[in-house]
Amino acid sequence: MSDYSYIIYNVENQTATITINREEVYNALNADAKYEIVKAIRTANKDKDVRSIILTAKGKAFCTGQDLNDRSVQAGEKPVDLGNTLETEWNPLVQTIRESKKIVIGAINGVSAGAGLSVALACDYIVATPGIRFISGFSKLGLAPDAGSSFTFTRALGQKRTLDFFLFNEPLSSEDLVEAGLINLVSEELLEKANEISSKINAMAPNCVELIKKNIQLAAESTFKESINNEIYAQRFLGNSEDYKEGLTAFFEKRAPNFKGK
C-alpha cells in the first residue's frame, strides 16, 4: 500500500517521479498534499539509487495553488493567519525543492496559478507543454503574491512587467516564460523530454551536479567576489573526488565516464 494519498511516487532508471494526483481540484494543494511532496523529495534525496527527480501532475492542471477548502486558509469568526500557512506549508515546500541536492525537473503539464507558480518555478530545470497558462490570481482575492514569486518574477521580468502581471492577472504562456528565462523549454512530448533530460543528469557525477546547482543559486543572490569564492570551494572539493579521476581517465581513453558519486 502506498504511503501517499495525494501524490504518486515512483522510481525508475535512477529517476524519482513525483506526480501530484488531485485532478478533482485541479491539483490545488491542501496541507497534507504539500507535506507529501516534501516527504517524497526528502525520500528521493536519501535514496542512493536516485540521481534526479521529476515533479509533474495528472490532468489538465499542474498546480492551481491553495486548496481553498482547506480549513487552514478559511476565514471564520477570527481572521485566518495566512502568514502561518506560508511559514508552515508553502515556504517549506518551495524551499525543499530549491534545497534538494538532486536536480528537480519540473514537467509542467497544465495551468499553474497562485502559489502553484512558486512550486513550478522552484524547480531547477523546467519543461512545459505548449501554450500553458501561468496565472497570478492573488489580487482577485485581495492578496499579494507569496511563496517567493515576488522575488522570482521581479528578477526575471523587472519591476514594471512584474507589477503588471500581479496586479491585472493577464496570463503568461509557456512561450512567454521561455523568452523571459523562467523555464527552459517547451515540448509536446512532456514526460519523454523530462526523462531524456533526467537520463543525461543521471549519467553525470552527482557531487558535480549538486554543486553546480548550489553555486548558480548563490550567484543569483550574491556578489561577484562571493561567487568566485564559492567556485574555489566547489572546485577544490570536486578536484579531490574519485569521479574527477574517472572523468580524466575516460577523457584520455576516449570513452563515456562511469561516475559513482565518490
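Take Phe153 and apply the ring-ring contact (aromatic ring centres under 6.0 Å, His included) test, not counting sequence neighbours, and it matches Phe165, Phe166. For Glu188, there are no salt bridge (charged side-chain N to carboxylate O under 4.0 Å, His left out) partners two or more places apart in sequence or in a different chain. Judged as a side chain to side chain donor-acceptor pair (under 3.5 Å), and not counting sequence neighbours, the contacts of Ser100 are Asn45. In this structure Glu36 satisfies the side chain to side chain contact (heavy atoms under 4.5 Å, CB included) test together with Tyr4, Ser5, Tyr6, Ile7, sequence neighbours excluded. Partners of Ser198 under the side chain to side chain donor-acceptor pair (under 3.5 Å) rule, at least two apart in sequence or in another chain, are Thr15.
Counting heavy atoms from C-beta on, the side chains of Asn27 and Phe62 never come closer than 4.5 Å.
For OH of Tyr26, the number of neighbouring non-hydrogen atoms (other residues, nucleotides, ligands) closer than 6.0 Å is 12 at most. Residue-environment remark: OH (Tyr244) stays at or below the threshold of 12 foreign heavy atoms within 6.0 Å.
Here salt bridge (charged side-chain N to carboxylate O under 4.0 Å, His left out) pairs that include residues 218-239, with residues two or more places apart or in two chains, are Arg98-Glu221. The salt bridge (charged side-chain N to carboxylate O under 4.0 Å, His left out) contacts involving residues 160-184 comprise nothing, where partners must be two or more places apart or lie in separate chains. The salt bridge (charged side-chain N to carboxylate O under 4.0 Å, His left out) analysis of residues 244-262, with sequence neighbours excluded, yields the pairs Glu242-Lys245, Glu246-Arg255, Glu253-Arg255. The side-chain hydrogen bond (donor to acceptor under 3.5 Å, both in side chains) analysis of residues 205-214, with sequence neighbours excluded, yields the pairs Asp124-Lys213. Each salt bridge (charged side-chain N to carboxylate O under 4.0 Å, His left out) pair with one or both residues in residues 17-26, not counting sequence neighbours, appears once here: Arg22-Asp67.
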Side-chain donor-acceptor pairs of residues 125-133 under 3.5 Å, sequence neighbours excluded:
none

What side-chain donor-acceptor pairs closer than 3.5 Å can you find for residues 143-152, not counting sequence neighbours?
from	atom 1	to	atom 2	distance (Å)
Ser149	OG	Asp146	N	3.3
Ser149	OG	Asp146	O	2.8
Thr152	OG1	Gly148	O	3.1

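For Ser241 (side chain) and Leu238 (main-chain N/O), a donor-acceptor pair under 3.5 Å exists by modelled atom type. In this structure, the side chain of Thr154 does not engage the main chain of Gln159 through any donor-acceptor pair within 3.5 Å.
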Checklist entry - Going through the checks in order, is the side chain to side chain donor-acceptor pair (under 3.5 Å) test met by Ser227 and Asn215? => result CA-CA 7 Å; Ser227 187; Asn215 279 356; over 6 Å; no
